[in-house]
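Each ligand, and each atom within it, is numbered from 1 in the order the structure gives.
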Amino acid sequence: MYRPVSPVAAYQGRFAPSPSGALHLGSLLTAVGSFLHARHHNGCWRVRIEDLDRPRVLAGASAAILNTLEYFGMQWDGEVLYQSQRLTYYAEVLEQLRQQHYIYPCVCTRQQLAGKIYNGRCRTGIPESNQAQAWRLQVVGEIQFEDEIQGKFSQDLSRELGDFILKRRDGIFAYQLAVVVDDALQGMTHIVRGADLLDNTPRQIYLQQLLNYPTPHYAHLPLLLDEHGRKLSKQNHAAPIATPRPQNLLWQVLKLLGQNPPEDLLEASLSEFWAYSILHWNVQNIPRQLSVSVCQLPLV
Ligand code: GLU
(Lines give C-alpha, C1' and ligand atoms only; values in the text may rest on other atoms or scores of the structure.)
Protein backbone atom coordinates (compact mmCIF):
# COMPACT_ATOMS: atom_id res chain seq x y z
CA MET A 1 0.00 0.00 0.00
CA TYR A 2 1.47 3.38 -0.91
CA ARG A 3 1.70 6.02 1.79
CA PRO A 4 0.97 9.68 1.28
CA VAL A 5 4.34 11.33 1.68
CA SER A 6 5.30 14.51 3.39
CA PRO A 7 5.12 17.67 1.27
CA VAL A 8 8.85 18.20 1.80
CA ALA A 9 9.74 15.14 -0.31
CA ALA A 10 12.71 15.66 -2.61
CA TYR A 11 10.55 14.67 -5.55
CA GLN A 12 7.64 16.97 -6.37
CA GLY A 13 5.41 15.97 -9.24
CA ARG A 14 2.03 16.99 -10.51
CA PHE A 15 -0.87 16.24 -12.79
CA ALA A 16 -2.20 19.43 -14.33
CA PRO A 17 -5.41 18.84 -16.29
CA SER A 18 -7.36 21.57 -18.05
CA PRO A 19 -11.03 21.29 -17.05
CA SER A 20 -12.36 21.43 -20.60
CA GLY A 21 -13.99 18.03 -20.17
CA ALA A 22 -13.91 14.85 -18.12
CA LEU A 23 -10.82 12.64 -18.07
CA HIS A 24 -10.64 10.29 -21.03
CA LEU A 25 -8.40 7.35 -21.70
CA GLY A 26 -5.52 9.54 -22.93
CA SER A 27 -5.58 11.82 -19.91
CA LEU A 28 -6.04 8.85 -17.58
CA LEU A 29 -2.85 7.40 -19.03
CA THR A 30 -1.05 10.68 -18.30
CA ALA A 31 -2.41 10.75 -14.76
CA VAL A 32 -1.36 7.14 -14.15
CA GLY A 33 2.12 7.75 -15.58
CA SER A 34 2.80 10.85 -13.50
CA PHE A 35 1.31 9.25 -10.37
CA LEU A 36 3.38 6.07 -10.67
CA HIS A 37 6.55 7.96 -11.49
CA ALA A 38 6.10 10.13 -8.39
CA ARG A 39 5.13 7.32 -6.02
CA HIS A 40 7.87 5.02 -7.31
CA HIS A 41 10.36 7.72 -6.31
CA ASN A 42 8.61 8.18 -2.98
CA GLY A 43 7.60 11.61 -4.14
CA CYS A 44 4.75 14.02 -3.68
CA TRP A 45 2.06 14.05 -6.32
CA ARG A 46 -0.09 17.12 -6.59
CA VAL A 47 -3.02 18.12 -8.72
CA ARG A 48 -3.29 21.53 -10.33
CA ILE A 49 -6.38 22.50 -12.27
CA GLU A 50 -5.39 24.66 -15.25
CA ASP A 51 -8.54 26.67 -15.60
CA LEU A 52 -7.24 29.97 -16.98
CA ASP A 53 -8.76 29.66 -20.42
CA ARG A 54 -12.25 30.52 -19.23
CA PRO A 55 -14.03 30.12 -22.57
CA ARG A 56 -12.86 26.50 -22.67
CA VAL A 57 -13.66 25.60 -19.08
CA LEU A 58 -16.62 23.25 -18.87
CA ALA A 59 -18.84 23.58 -15.80
CA GLY A 60 -18.42 20.57 -13.55
CA ALA A 61 -15.31 19.24 -15.30
CA SER A 62 -12.90 19.95 -12.40
CA ALA A 63 -15.09 18.05 -9.97
CA ALA A 64 -15.51 15.21 -12.46
CA ILE A 65 -11.73 14.94 -12.97
CA LEU A 66 -11.05 14.88 -9.22
CA ASN A 67 -13.77 12.29 -8.66
CA THR A 68 -12.31 10.10 -11.37
CA LEU A 69 -8.82 10.29 -9.86
CA GLU A 70 -10.24 9.29 -6.49
CA TYR A 71 -12.32 6.54 -8.00
CA PHE A 72 -9.18 5.08 -9.56
CA GLY A 73 -7.37 5.32 -6.23
CA MET A 74 -4.94 8.07 -7.22
CA GLN A 75 -4.87 10.14 -4.07
CA TRP A 76 -2.99 13.41 -4.40
CA ASP A 77 -1.03 15.26 -1.72
CA GLY A 78 -2.09 18.61 -0.29
CA GLU A 79 -4.71 20.99 -1.60
CA VAL A 80 -5.71 21.10 -5.24
CA LEU A 81 -4.45 24.31 -6.82
CA TYR A 82 -6.65 26.28 -9.21
CA GLN A 83 -4.82 28.59 -11.57
CA SER A 84 -7.82 30.93 -11.74
CA GLN A 85 -7.05 31.83 -8.11
CA ARG A 86 -3.43 32.73 -8.80
CA LEU A 87 -3.72 35.63 -11.21
CA THR A 88 -1.73 37.99 -8.98
CA TYR A 89 1.34 35.75 -9.25
CA TYR A 90 1.19 35.71 -13.04
CA ALA A 91 0.66 39.48 -13.13
CA GLU A 92 3.70 40.03 -10.90
CA VAL A 93 5.94 37.89 -13.04
CA LEU A 94 4.68 39.51 -16.22
CA GLU A 95 5.46 42.92 -14.72
CA GLN A 96 8.95 41.76 -13.82
CA LEU A 97 9.51 40.62 -17.42
CA ARG A 98 8.18 43.94 -18.67
CA GLN A 99 10.57 45.90 -16.49
CA GLN A 100 13.41 43.75 -17.78
CA HIS A 101 12.30 44.50 -21.39
CA TYR A 102 11.89 40.85 -22.25
CA ILE A 103 8.28 41.31 -23.36
CA TYR A 104 6.51 43.80 -25.58
CA PRO A 105 2.89 44.66 -26.36
CA CYS A 106 1.51 43.35 -29.63
CA VAL A 107 -1.64 44.43 -31.44
CA CYS A 108 -1.46 41.99 -34.35
CA THR A 109 -4.66 40.16 -35.07
CA ARG A 110 -4.76 36.53 -36.02
CA GLN A 111 -5.48 37.52 -39.63
CA GLN A 112 -2.34 39.66 -39.73
CA LEU A 113 -0.22 36.74 -38.66
CA ALA A 114 0.04 35.04 -42.00
CA GLY A 115 2.42 32.21 -41.06
CA LYS A 116 2.87 30.22 -37.92
CA ILE A 117 6.01 32.05 -36.89
CA TYR A 118 5.54 35.58 -35.63
CA ASN A 119 7.51 38.05 -37.72
CA GLY A 120 8.26 40.45 -34.87
CA ARG A 121 6.09 43.22 -36.35
CA CYS A 122 5.35 44.89 -32.96
CA ARG A 123 8.83 44.35 -31.49
CA THR A 124 9.92 47.89 -32.18
CA GLY A 125 6.79 49.50 -30.78
CA ILE A 126 3.11 49.85 -31.50
CA PRO A 127 1.12 52.88 -32.57
CA GLU A 128 -0.53 54.81 -29.74
CA SER A 129 -4.07 53.43 -29.54
CA ASN A 130 -6.52 51.91 -27.16
CA GLN A 131 -6.60 48.66 -29.07
CA ALA A 132 -6.43 45.52 -26.93
CA GLN A 133 -2.89 44.25 -26.75
CA ALA A 134 -1.22 40.95 -26.09
CA TRP A 135 2.22 40.59 -24.47
CA ARG A 136 4.88 38.68 -26.34
CA LEU A 137 8.18 37.35 -25.16
CA GLN A 138 11.13 38.04 -27.40
CA VAL A 139 13.06 34.83 -28.06
CA VAL A 140 16.62 34.17 -29.16
CA GLY A 141 18.62 31.03 -29.62
CA GLU A 142 18.18 27.34 -29.29
CA ILE A 143 17.09 25.28 -26.30
CA GLN A 144 18.05 21.64 -25.85
CA PHE A 145 17.06 19.21 -23.18
CA GLU A 146 17.10 15.51 -22.45
CA ASP A 147 13.68 13.97 -21.94
CA GLU A 148 13.61 10.81 -19.85
CA ILE A 149 11.31 9.02 -22.32
CA GLN A 150 11.61 10.89 -25.62
CA GLY A 151 15.38 11.46 -25.52
CA LYS A 152 17.20 14.56 -26.73
CA PHE A 153 15.02 17.36 -27.96
CA SER A 154 16.04 20.72 -29.28
CA GLN A 155 14.28 23.69 -30.77
CA ASP A 156 15.60 26.85 -32.33
CA LEU A 157 13.15 29.25 -30.76
CA SER A 158 13.58 32.16 -33.14
CA ARG A 159 13.63 30.05 -36.30
CA GLU A 160 11.04 27.42 -35.43
CA LEU A 161 8.72 29.28 -33.09
CA GLY A 162 9.11 33.05 -32.93
CA ASP A 163 8.19 35.44 -30.11
CA PHE A 164 5.33 33.89 -28.19
CA ILE A 165 2.42 35.23 -26.19
CA LEU A 166 2.43 35.35 -22.39
CA LYS A 167 -0.79 37.30 -22.03
CA ARG A 168 -3.49 37.23 -24.64
CA ARG A 169 -5.38 40.15 -26.14
CA ASP A 170 -8.46 39.04 -24.22
CA GLY A 171 -6.55 39.49 -20.96
CA ILE A 172 -6.06 35.79 -20.27
CA PHE A 173 -2.61 34.71 -19.09
CA ALA A 174 -1.15 32.15 -21.47
CA TYR A 175 -0.51 28.56 -20.44
CA GLN A 176 3.24 29.04 -21.03
CA LEU A 177 3.50 31.74 -18.37
CA ALA A 178 1.22 30.11 -15.81
CA VAL A 179 2.81 26.68 -16.08
CA VAL A 180 6.32 28.04 -15.59
CA VAL A 181 5.34 30.24 -12.65
CA ASP A 182 3.38 27.50 -10.90
CA ASP A 183 5.90 24.73 -11.50
CA ALA A 184 8.54 26.99 -9.92
CA LEU A 185 6.42 28.31 -7.02
CA GLN A 186 5.26 24.79 -6.22
CA GLY A 187 8.85 23.56 -6.31
CA MET A 188 8.18 20.95 -9.01
CA THR A 189 11.19 18.75 -9.64
CA HIS A 190 9.64 16.32 -12.12
CA ILE A 191 7.20 17.03 -14.94
CA VAL A 192 5.61 13.89 -16.33
CA ARG A 193 2.97 14.73 -18.95
CA GLY A 194 1.78 13.96 -22.46
CA ALA A 195 4.10 14.13 -25.44
CA ASP A 196 1.80 16.69 -27.08
CA LEU A 197 3.60 19.17 -24.80
CA LEU A 198 7.12 18.09 -25.78
CA ASP A 199 7.51 20.99 -28.21
CA ASN A 200 6.23 23.45 -25.59
CA THR A 201 9.03 22.49 -23.23
CA PRO A 202 11.87 24.51 -24.86
CA ARG A 203 9.88 27.74 -24.48
CA GLN A 204 9.15 26.86 -20.86
CA ILE A 205 12.84 26.20 -20.21
CA TYR A 206 13.68 29.49 -21.93
CA LEU A 207 11.29 31.33 -19.63
CA GLN A 208 12.69 29.50 -16.58
CA GLN A 209 16.15 30.69 -17.56
CA LEU A 210 15.04 34.33 -17.92
CA LEU A 211 13.37 34.17 -14.52
CA ASN A 212 16.23 32.32 -12.83
CA TYR A 213 14.01 29.38 -11.99
CA PRO A 214 15.43 25.86 -11.83
CA THR A 215 14.58 23.58 -14.76
CA PRO A 216 12.78 20.43 -13.65
CA HIS A 217 13.35 16.97 -15.00
CA TYR A 218 11.01 16.14 -17.91
CA ALA A 219 9.42 12.88 -19.03
CA HIS A 220 6.85 13.02 -21.84
CA LEU A 221 4.52 10.04 -22.00
CA PRO A 222 3.39 8.64 -25.34
CA LEU A 223 0.10 9.89 -26.70
CA LEU A 224 -2.80 7.66 -27.49
CA LEU A 225 -3.73 8.21 -31.10
CA ASP A 226 -6.93 7.22 -32.82
CA GLU A 227 -7.00 5.31 -36.10
CA HIS A 228 -6.52 8.57 -38.04
CA GLY A 229 -3.36 9.33 -36.10
CA ARG A 230 -5.10 12.05 -34.11
CA LYS A 231 -4.57 12.55 -30.42
CA LEU A 232 -7.48 11.35 -28.32
CA SER A 233 -8.71 14.54 -26.83
CA LYS A 234 -11.73 16.06 -25.22
CA GLN A 235 -12.20 17.99 -28.47
CA ASN A 236 -12.44 14.94 -30.69
CA HIS A 237 -14.76 13.38 -28.16
CA ALA A 238 -12.74 10.59 -26.67
CA ALA A 239 -15.15 8.69 -24.49
CA PRO A 240 -15.09 9.71 -20.85
CA ILE A 241 -14.24 6.98 -18.43
CA ALA A 242 -16.92 4.96 -16.71
CA THR A 243 -15.97 1.52 -15.62
CA PRO A 244 -17.38 -0.88 -13.06
CA ARG A 245 -14.00 -2.22 -11.92
CA PRO A 246 -11.25 0.42 -12.02
CA GLN A 247 -8.37 -2.02 -11.84
CA ASN A 248 -9.36 -3.65 -15.15
CA LEU A 249 -8.94 -0.40 -17.02
CA LEU A 250 -5.81 0.50 -15.02
CA TRP A 251 -4.35 -2.86 -15.98
CA GLN A 252 -4.85 -2.02 -19.66
CA VAL A 253 -3.29 1.39 -19.14
CA LEU A 254 -0.26 -0.23 -17.49
CA LYS A 255 0.03 -2.51 -20.48
CA LEU A 256 -0.09 0.44 -22.88
CA LEU A 257 2.68 2.00 -20.81
CA GLY A 258 4.83 -1.08 -21.48
CA GLN A 259 4.74 -2.28 -17.88
CA ASN A 260 3.74 -5.91 -18.61
CA PRO A 261 1.35 -6.34 -15.72
CA PRO A 262 0.79 -10.01 -14.78
CA GLU A 263 -2.68 -11.48 -15.43
CA ASP A 264 -3.32 -12.16 -11.75
CA LEU A 265 -3.05 -8.44 -11.00
CA LEU A 266 -6.54 -8.27 -12.51
CA GLU A 267 -7.81 -10.11 -9.46
CA ALA A 268 -6.07 -7.76 -7.02
CA SER A 269 -7.78 -5.15 -4.90
CA LEU A 270 -7.20 -1.54 -5.90
CA SER A 271 -4.62 -0.97 -3.17
CA GLU A 272 -2.77 -4.19 -4.06
CA PHE A 273 -2.87 -3.09 -7.67
CA TRP A 274 -1.17 0.21 -6.84
CA ALA A 275 1.34 -1.33 -4.45
CA TYR A 276 2.44 -3.71 -7.20
CA SER A 277 2.57 -1.16 -9.98
CA ILE A 278 4.38 1.48 -7.90
CA LEU A 279 7.06 -1.04 -6.96
CA HIS A 280 7.50 -2.36 -10.51
CA TRP A 281 7.25 0.93 -12.38
CA ASN A 282 9.96 1.05 -15.02
CA VAL A 283 10.28 4.12 -17.22
CA GLN A 284 12.64 2.32 -19.57
CA ASN A 285 9.80 0.09 -20.77
CA ILE A 286 7.53 2.96 -21.80
CA PRO A 287 7.21 3.17 -25.59
CA ARG A 288 7.95 6.57 -27.13
CA GLN A 289 4.85 6.37 -29.26
CA LEU A 290 1.62 4.44 -29.08
CA SER A 291 0.13 3.72 -32.43
CA VAL A 292 -2.91 1.73 -31.46
CA SER A 293 -6.20 2.12 -33.17
CA VAL A 294 -9.26 2.92 -31.14
CA CYS A 295 -10.75 -0.51 -31.79
CA GLN A 296 -7.76 -2.10 -30.05
CA LEU A 297 -8.10 0.17 -27.06
CA PRO A 298 -9.73 -1.01 -23.87
CA LEU A 299 -13.41 -0.25 -23.78
CA VAL A 300 -14.16 2.77 -21.72
N1 GLU B 1 -3.10 21.65 -18.73
C2 GLU B 1 -2.34 20.98 -19.74
C3 GLU B 1 -3.21 20.01 -20.49
O4 GLU B 1 -4.21 19.55 -19.96
C5 GLU B 1 -1.17 20.20 -19.20
C6 GLU B 1 -0.13 21.09 -18.67
C7 GLU B 1 1.16 20.43 -18.23
O8 GLU B 1 1.14 19.26 -17.79
O9 GLU B 1 2.16 21.11 -18.29
O10 GLU B 1 -2.89 19.68 -21.62
task = Mark up the atoms of ligand 1 that fall under 4.0 Å of a heavy atom belonging to Arg193, in ascending order.
result = 7 (C), 8 (O), 9 (O)

ask   = Is the distance between the ring centroids of Phe145 and Tyr218 less than 6.0 Å?
value = yes

query = For ligand 1, is Phe15 a contact, meaning one of its heavy atoms is under 4.0 Å away?
reply = no

request  = Would you check if there is a donor-acceptor pair between the side chains of Gln12 and Thr189 at a distance under 3.5 Å?
outcome  = no

query = What atoms of ligand 1 come within less than 4.0 Å of a heavy atom belonging to Val179?
reply = 9 (O)

inquiry  = For Asn200, which part has a heavy atom under 4.0 Å from ligand 1: side chain, backbone, both, or neither?
reply    = neither

ask   = Measuring from the heavy atoms of Gln204, does anything fall under 4.0 Å of ligand 1?
value = no

request  = Below 4.0 angstrom from a heavy atom of Arg14, which ligand 1 atoms are there? Numbered from 1 as shown, please.
outcome  = 7 (C), 8 (O), 9 (O)

query = Is the centre of the Trp274 ring less than 6.0 Å from the centre of the Phe35 ring?
reply = yes

query = Is Arg48 close enough and on-axis enough to Tyr82, meaning under 6.0 Å and within 45°, for cation-pi?
reply = no

query = Is the ring centre of His37 less than 6.0 Å from the ring centre of Tyr11?
reply = yes

query = If you count the atoms of ligand 1 from 1 in the order shown, which ones are under 4.0 Å from a heavy atom of Ser18?
reply = 1 (N), 2 (C), 3 (C), 4 (O)

task = Look only at interatomic distance and state if Tyr175 has a nitrogen or oxygen under 3.5 Å from any nitrogen or oxygen of ligand 1.
result = yes

request  = Report yes or no: is the cationic atom of Arg86 (NZ for Lys, CZ for Arg) under 6.0 Å from the centre of the six-membered ring of Tyr89, at an angle within 45° of the ring normal?
outcome  = yes

